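Working notes, beginning with the structure itself.
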Amino acid sequence: MKFRGKIVDIACLNHFSRVITTISKLTKTCILRLTPDNLFFVLCGKVANGGVSMWCELSQANFFDEYQMEGMNPEDNEICLEVAPENMSRALKTVQNAKVVKVKLTKKHCPCLTIVAELPTLSSVSRVVTHDIPVDVIPRRLWHEFKEPTVPDFDVSIYLPPLKTMKNVVDRMKNLSNFLVIEANLNGEMNLKIETDLVSVTTHFKDLGNPPWGDGASQGSSSSQSRDPEAMAEARVDIRRLQQFLMGQQVNPSKAMCNIVHEKVVHLILLHDDMSLQYFIPAVV
């Protein structure tokens, strides 16, 4: 197995660093899948058992000036590594002004993702910084666990309000309860609610719009097409998980959406020109 990539464009480096930092806020460890065309960061918590899951997809051509990888064999041409995104984020933050950053898979005392950066200098002597980030290589027999999740058969899909506004609301509500109800309908309305024995608080958002899922996204169309536009679908979630998602966002998505499977799961989607991030939060009773 071989992997090496090179980033020269500082804007690409900073964007890549922001994506990794966002992922580091969501999970301590995840799977990095490397394929010839894409990088995937995957967290496979079993939503049915109360775990969150995540799928982040990056097109390597939009980040790397050079990119080479060889998988286990021509038929299974990919590499799966377990990584700590926080370690990657720290390493990238120290090399943000680098002239060139190289990322490669190496074998030191253990398998590592090695980040080598050539930093600008006023003298003729170049400064090179190297970070070795330990990783675990995932065996081929486990790869089936890290495939792209299917879009759930949702009841309502809606565009999210500005993430900063939503974060401010959730931050205040967190002091009142450990759980929050997200509800939305097909009229572009969304409510964030907290209900306890002592207090009931609701924040209303209107005119958000509903994504035009076409026939290609038929997973979601069957239950939502025949639905009363005024009817609310809701899910009660752990407020810390929603706050974690909102706190970590540094990618300034062009679109942010939420799919709700009534009383089962909240599926959050961030779309950017060159990356997508999906995050699943299970409902709690």
Side-chain angles (χ1 to χ4, degrees), residues 22 25-26 47 52-57 149-174 176-177 179-195 200-284:
T22 294
K25 304 291 186 186
L26 298 176
V47 172
V52 296
S53 62
M54 174 194 72
W55 176 270
C56 182
E57 180 174 342
T150 55
V151 176
D153 190 10
F154 52 79
D155 295 287
V156 167
S157 181
I158 191 166
Y159 289 114
L160 289 172
L163 296 180
K164 204 167 191 177
T165 304
M166 196 171 168
K167 176 184 176 299
N168 290 338
V169 171
V170 172
D171 284 348
R172 290 193 185 98
M173 288 183 162
K174 187 178 77 77
L176 303 173
S177 174
F179 301 99
L180 173 144
V181 173
I182 303 177
E183 64 176 13
N185 64 19
L186 297 176
N187 256 0
E189 298 171 334
M190 171 184 271
N191 300 325
L192 303 179
K193 300 194 305 185
I194 279 192
E195 294 175 343
S200 177
V201 179
T202 303
T203 299
H204 304 275
F205 297 97
K206 293 186 177 181
D207 302 319
L208 296 174
N210 301 93
W213 293 92
D215 294 334
S218 57
Q219 299 104 314
S221 61
S222 57
S223 57
S224 60
Q225 279 184 345
S226 58
R227 189 177 178 84
D228 176 1
E230 297 285 339
M232 289 284 182
E234 68 172 48
R236 183 171 179 259
V237 299
D238 185 329
I239 200 166
R240 292 167 301 173
R241 288 174 168 170
L242 180 60
Q243 187 190 35
Q244 199 174 25
F245 174 80
L246 295 168
M247 277 176 60
Q249 295 322 312
Q250 299 187 14
V251 294
N252 298 320
S254 53
K255 288 182 182 174
M257 298 175 282
C258 173
N259 298 333
I260 299 175
V261 183
H262 186 61
E263 296 184 344
K264 288 188 179 173
V265 70
V266 171
H267 174 209
L268 299 161
I269 308 165
L270 303 182
L271 297 179
H272 198 281
D273 293 342
D274 46 26
M275 63 85 66
S276 65
L277 174 66
Q278 300 181 59
Y279 193 64
F280 297 82
I281 307 177
V284 293

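Computed from a predicted structure; not experimentally measured.
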Quiz prompt | Contact check, side chains of Q243 and D171, non-hydrogen atoms, under 4.5 Å | solution = yes
If you take all heavy atoms of [X] and [Y], which pair is closest and at what distance?
{"X": "L180", "Y": "M173", "value": "CD1-SD, 3.6 Å"}
{"X": "I158", "Y": "G209", "value": "CG1-O, 3.3 Å"}
{"X": "V52", "Y": "R241", "value": "CG1-CD, 3.4 Å"}
{"X": "M54", "Y": "L26", "value": "SD-CD1, 3.8 Å"}
{"X": "I239", "Y": "S177", "value": "CG2-O, 3.6 Å"}

Quiz item: Looking at residues at least two apart in the chain, or sitting in another chain, which of them share a side-chain hydrogen bond (donor to acceptor under 3.5 Å, both in side chains) with N210?
Solution: none
Quiz item: Short question: side chain of D228, backbone of E230 - any donor-acceptor pair under 3.5 Å?
Solution: yes
Quiz item: Between the main-chain N or O of F154 and the side-chain N or O of N259, is there a donor-acceptor pair closer than 3.5 Å?
Solution: no
Self-check item: Contacts of type salt bridge (charged side-chain N to carboxylate O under 4.0 Å, His left out), residue R172, not counting sequence neighbours
Solution: none
Listing, residues 274-282 side-chain donor-acceptor contacts under 3.5 Å, not counting sequence neighbours, or none:
from: D274; atom 1: OD1; to: H15; atom 2: NE2; distance (Å): 3.1
from: D274; atom 1: OD1; to: H272; atom 2: ND1; distance (Å): 3.3
from: Q278; atom 1: OE1; to: H267; atom 2: NE2; distance (Å): 2.8

Exercise. Count the heavy atoms of every other residue, nucleotide or ligand shown that sit under 6.0 Å from NZ of K193, and state whether that count exceeds 12.
Key: yes
